[in-house]
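I have placed the structure first, in the form of structure tokens, so that the comments after it can refer back to it.
Residue numbers count from 1 along this sequence. Just so it is clear, the model here is predicted, and its values are computed rather than measured.
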Amino acid sequence: MILDSLDNIGRYRGVVPSLDKVIEFFEKTDFQTLKPGRIVLDADRLFINVQYIDPKSREQAPLERHVDYIDIQVPVSADEEMGFTPDVGLAPASVPYDKTADVAFHPGLSDTYLQVRKGMFTVFFPGEGHAPGITPGGVLKFIVKIKA
């Protein structure tokens, strides 16, 4: 898991496959002009979902895990809280892994909660549990999916 400022994202060039393309996209994009939808950067290997997430509490944010994709999450319109649980701390899935959606859901709350402010990003690697989208007022955000 990585948590950092978007100002520092250039430090991660080459660390994650295809991240350089994401960095280039971020550098030349005015985030405020993007509308909800999908932006395809490299077919099914690299895409960005621009989504508005309704308000939810820790108890309403499911703990999810991916197998095939790295998740980069970027809150755009507001600060967001995200739960994190390392793969070794995850309880058995309450909703089994769905290969088509690349997601399994796990019961319980996260081990740790992170404050992810506007202008920051998180990287969740395959297997790492995370519970994003915890906000009192909702949030417009980017969810970058990179095929691992």
Q.
If the threshold is 4.0 Å, N to carboxylate O, is there a salt bridge linking Glu27 and Lys21?
A.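 Salt bridge flag = no for Lys21 with Glu27.
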(Q) Taking the basic N atoms (NZ, or NE/NH1/NH2) and the acidic carboxylate oxygens, is any pair closer than 4.0 Å for Glu81 and Arg58? (A)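 Counted as a salt bridge, because a side-chain N and a carboxylate O are separated by less than 4.0 Å.
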Q: List the steps and the verdict of side-chain contact (heavy atoms from CB on, under 4.5 Å) for Ile72 and Thr122.
A: CA-CA 6 Å; Ile72 300 175; Thr122 59; over 6 Å; no
Q: Evaluate side-chain contact (heavy atoms from CB on, under 4.5 Å) for Leu114 paired with Phe84, printing each intermediate quantity in order.
A: CA-CA 8 Å; Leu114 312 162; Phe84 172 70; 4.3 Å; yes
May I ask you to test the [X]-[Y] pair for a side-chain heavy-atom distance under 4.5 Å?
| X | Y | answer |
| --- | --- | --- |
| Thr112 | Thr85 | no |
| Leu140 | Val50 | yes |
| Val74 | Lys141 | no |
| Met82 | Ile134 | no |
| Val144 | Asp71 | no |
| His66 | Lys145 | yes |
| Pro36 | Gln51 | no |

Do [X] and [Y] sit in one hydrophobic cluster, given that two such residues count as connected whenever their side-chain heavy atoms are within less than 4.5 Å of each other, even indirectly?
| X | Y | value |
| --- | --- | --- |
| Met120 | Val76 | no |
| Phe25 | Ile143 | no |
| Val139 | Phe142 | no |
| Val95 | Leu109 | no |
| Leu6 | Val16 | yes |

Would you check if the side chain of [X] reaches a backbone N or O of [Y] as a donor-acceptor pair within less than 3.5 Å?
| X | Y | value |
| --- | --- | --- |
| Asp102 | Tyr69 | yes |
| Thr29 | Phe31 | no |
| Glu80 | Pro132 | no |

Can you tell me how far [atom2] of [Y] sits from [atom1] of [X], rounded to the nearest 0.5 angstrom?
| X | Y | atom1 | atom2 | result |
| --- | --- | --- | --- | --- |
| Ile53 | Thr135 | CD1 | OG1 | 8.5 Å |
| Ile2 | Glu128 | CD1 | CD | 9.0 Å |
| Leu3 | Gln73 | CG | CD | 12.0 Å |

Give me the atom names and distance for the closest heavy-atom approach of [X] to [Y].
| X | Y | value |
| --- | --- | --- |
| Leu63 | Ser110 | CD1-OG, 3.3 Å |
| Pro107 | Ala93 | CD-C, 4.4 Å |
| Val67 | Pro126 | O-CB, 3.3 Å |
| Ala78 | Gly138 | CB-O, 3.9 Å |
| Lys56 | Gly133 | CG-O, 3.1 Å |

Q | Residue pairs, two or more places apart or on separate chains, that pass ring pair (Phe, Tyr, Trp, His ring centres under 6.0 Å) and touch residues 88-128 | A |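 Every ring pair (Phe, Tyr, Trp, His ring centres under 6.0 Å) pair that includes a residue of residues 88-128, provided the two are not neighbours, is Tyr12-Phe121, Phe124-His130.
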With a cut-off of 3.5 Å and sequence neighbours excluded, list every side-chain donor-acceptor pair involving residues 37-46.
from: Arg38; atom 1: NE; to: Asn49; atom 2: OD1; distance (Å): 3.3
from: Asp42; atom 1: OD1; to: Arg45; atom 2: NH2; distance (Å): 2.8
from: Asp42; atom 1: OD2; to: Arg45; atom 2: NE; distance (Å): 3.4

Q) What pairs meet the salt bridge (Lys or Arg N to Asp or Glu O under 4.0 Å) rule with one or both residues in residues 104-124, with sequence neighbours excluded? A)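 Sorted pair list: Asp79-Arg117.
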